[in-house]
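Data block below; observations after.
We use all heavy atoms of the structure for the numbers below, so side chains are in, but hydrogens, waters and symmetry mates are not.
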Amino acid sequence: MPKKPAERTDRSAVRSLLRLWPYVRPVRVRLFTAAFVAILASCLGLVIPLVLKWMVDGPVADRDPGGVWLGALYLLLLGIAEALLFGLRRWLVARPLAGVEASMRADLYRHLQRLPVAFHDRWASGQLLSRGTTDLMLLRMFLAFPLTFLVVNTATILVGFVILFAQDWTLGLVLLAPAVPLMILCSLFETKYSVVARRAQDQVGDLTTVVEESVLGIRIVKGFGRHRSQAQAFRALSHRLRTTELGKARLLAGIWALITAIPELAIGAALVLGTIQVADGTLSAGTLVAFLSTALALRWPVESIGFLLAMSQESATATDRYFEVMDVAEEPGAAPVREGAPATGPGMVFEGVEFRYPDADPGSPPVLAGIDLHIRPGETLALVGGTGSGKTTLTALVPRLHEVTGGRITLDGEDIATMERSRLRELVSVAFEEPTLFSATVGENVTMGAADADEQQVRRALSVAQADFVHRLPRGLDTEVGEQGLSLSGGQRQRLALARAVVGEPRFLVLDDPLSALDVHTETLVEAALRQVLERTTAVVVAHRPSTVMLADRVALLSGGRIAAVGTHQELLRDNAEYAWLMSGAGNEPAGPVDASAAPVGEPATPPPAGPVGELSTPVGEPAGPHPATSVSTPVQQVPAEEGSAR
């Protein structure tokens, strides 16, 4: 999870909210019209005290029942007109603001798809979800109500005070006296509330993350009986959020009490002073009634200031949180072709490749350094190495899930950094170690590897992956696999992921230990079918088991972030102690170089306790001799390994 931004008290809410203008601009006419209609409706409410003044000083004083009924009719018509205008305002803003929210959510989703993988590694998914749901809902509510009524109430207060001063300027000054203290209080409130509002919205994101992780990991939670600890973690976060929300409530209650009490005191003072003036004959009773009615009509616009400011601060915070994500730079596009760059051969070439994670310390050693490999067209290279040696990181560089920080990778002589990502990912297909399926049908999951694949291609890919179980599902290819494909077994998910990788018959294939979840018999069948696919493509296969290594023409040993040796499987078994140890599964790491004369080709110098490596290296149904794809002898390249770390 990223570090939370420092809580700032100097942030301008207005400046933050102005960033919404590009989204509001297309619907500005309807919003301005709605604001005008609301101002008109609110001002109609201020006409009611003038009608009351006319009634008190006229028909009531003259004891004219007809005039009283006429005045009552005027009041009724004014009330109906006010209600209709407010209803029209609501109709004007409902549809366009729903469109604004949908547009912002679509932009956020589209932007998230284009952000680097490193961004998603740092950010908790719950924080992103809360920005796309809760924060956008707050912004829609702000545009629909607080924004409009901040304008409407300001206009109403100005018009109301004009009417008050026109009736009696001395009483008007009495009501205007609290304006300065109220402005100071509102400024202090904004400063404190913005900090608490930001804290609360970040805590909602944390809570969302815990809920999401608990739901997605429900099998682990139940399997290890950790429901109590998860519940405790949830309760702790809920209690923290509750404490923050109570702090918000206390601030809001305090400002509301002061904003309500101070104007009430002013109205009380005006009432006393006005009564004295009526008794002295300097003010008519109707004028006093109209003055007090106007003052009471202004109570809601004044008292709502605290509520509207609170919602505005929360909306400004939501805007900041939204643009925190939107301001992150997207993945870089195609780089310009470097003039004078030496040409590389056909196939897949790694030339001096170096990689360091973006969030790594500046002085830390690179995860990968000095990677030089040439995989010829139609050749399959197995990538072997211990845990943390950088195998998965290296394969992630080919489809540009991460950007190389040094050197280059070329496909058929073209630098991948100069390719548009859409074209690159048409050329390169990947199958990751952790098979990820989507809440969609089997067919839709497979065709994510090639959107234009027809049913025949899908069935061929399923056959290669030995995923014939699909045809026994209730609806075949149209069967929904559920969220993350959890309705299927691990082996079934992995086979569908492999089918997705090969369905488009890609020119380049990257497989990260694609058979780890399969049983021995299924693995043998998949290998036999996959071998035919690999003959027609250039591939890199991350391998942990001898049977997977046997799919490759050559093997590269990755150690400490560097290529330690390259050769055929049999050659590395004979000449490289680390490789022999990795393939044997022995418990102790090799202490030094292996005497090549101590063991025949195909077996390590020191057989592991379980038996000779030659037996482990031969998959079921394969002869014990050299693999047909490795019959051409390739000199073994030995490269000293350096200390390093990888993810």
Side-chain angles (χ1 to χ4, degrees), residues 117 348 350 367-368 371 373 375 379-399 401-402 428-437 445 449 461 464-467 484-485 488-502 506 508-531 533-534 537-559 561 563-564 566 569 572 578-579 581-585 613 616-620 622 627 629 645-647:
V117 172
M348 185 185 301
F350 296 78
V367 174
L368 299 171
I371 303 296
L373 286 172
I375 308 166
E379 183 183 34
T380 298
L381 178 79
L383 200 58
V384 176
T387 301
S389 59
K391 303 183 297 298
T392 297
T393 301
L394 182 60
T395 57
L397 299 179
V398 179
L401 299 181
H402 295 291
V428 180
S429 190
V430 294
F432 299 106
E433 184 176 10
E434 292 294 332
T436 299
L437 300 182
N445 271 285
V464 169
Q466 296 299 305
Q484 293 191 327
L488 304 175
S489 70
Q492 289 173 330
R493 292 198 299 274
Q494 194 164 58
R495 280 179 277 172
L496 287 182
L498 180 59
R500 179 171 58 200
V502 303
F508 299 92
L509 190 59
V510 177
L511 304 177
D512 188 353
D513 201 14
L515 311 178
S516 60
L518 304 185
D519 62 82
V520 174
H521 300 290
T522 304
E523 179 184 4
T524 303
L525 295 173
V526 172
E527 286 172 352
L530 189 57
R531 191 169 283 114
V533 174
L534 294 176
T537 188
T538 304
V540 176
V541 181
V542 174
H544 294 98
R545 295 185 289 185
S547 57
T548 309
V549 171
M550 298 300 289
L551 290 169
D553 302 303
R554 287 189 301 150
V555 181
L557 175 63
L558 192 61
S559 179
I563 299 298
V566 178
H569 171 63
L572 293 187
E578 182 180 0
Y579 182 80
W581 172 75
L582 287 170
M583 290 294 100
S584 71
V613 176
L616 292 174
S617 305
T618 307
V620 178
E622 292 288 336
H627 190 269
S645 61
R647 300 182 184 181

Taking the side chain from [X] and the backbone from [Y], do they hold a donor-acceptor pair closer than 3.5 Å?
X: E527; Y: T524; value: no
X: T537; Y: P506; value: yes
X: K391; Y: V541; value: no

[X] vs [Y] side-chain heavy atoms within contact, under 4.5 Å:
X: V566; Y: L557; value: no
X: I371; Y: L558; value: yes
X: F350; Y: I563; value: no
X: T395; Y: L383; value: yes
X: I375; Y: V540; value: yes
X: Y579; Y: V549; value: yes

Assess the residue pair F432 and L401 against the criterion (side chain to side chain contact (heavy atoms under 4.5 Å, CB included)); give the C-alpha distance rounded to whole Å, side-chain angles, the decisive distance to 0.1 Å, and a yes or no. CA-CA 12 Å; F432 299 106; L401 299 181; 3.6 Å; yes
Rounded to the nearest 0.5 Å, what separation is found between the [atom1] atom of [X] and the [atom2] atom of [Y]?
X: R545; Y: L551; atom1: CZ; atom2: CG; value: 10.5 Å
X: R554; Y: T380; atom1: CZ; atom2: OG1; value: 11.0 Å
X: S389; Y: L368; atom1: OG; atom2: CG; value: 9.0 Å
X: T392; Y: H402; atom1: OG1; atom2: NE2; value: 10.0 Å
X: N445; Y: L496; atom1: CG; atom2: CG; value: 7.0 Å
X: L534; Y: L511; atom1: CG; atom2: CG; value: 6.5 Å

Tell me the closest heavy-atom pair linking [X] and [Y], and the distance in Å.
X: L373; Y: A556; result: CD2-CB, 4.0 Å
X: A467; Y: R495; result: CB-CB, 4.2 Å
X: H544; Y: M583; result: O-CE, 4.2 Å
X: S559; Y: A564; result: CB-CB, 4.0 Å
X: V502; Y: A461; result: CG2-CB, 3.9 Å
X: S429; Y: R500; result: OG-O, 4.2 Å

Test side chain to side chain contact (heavy atoms under 4.5 Å, CB included) on L437 and L488 and set out the steps. CA-CA 10 Å; L437 300 182; L488 304 175; 4.0 Å; yes
Under 3.5 Å, is there a donor-acceptor pair between the T538 and E379 side chains?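 Distance-only check fails for T538 and E379.
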Evaluate the criterion side chain to side chain contact (heavy atoms under 4.5 Å, CB included) for residue pair V542 and L394; output intermediate values, then yes/no. CA-CA 10 Å; V542 174; L394 182 60; over 6 Å; no
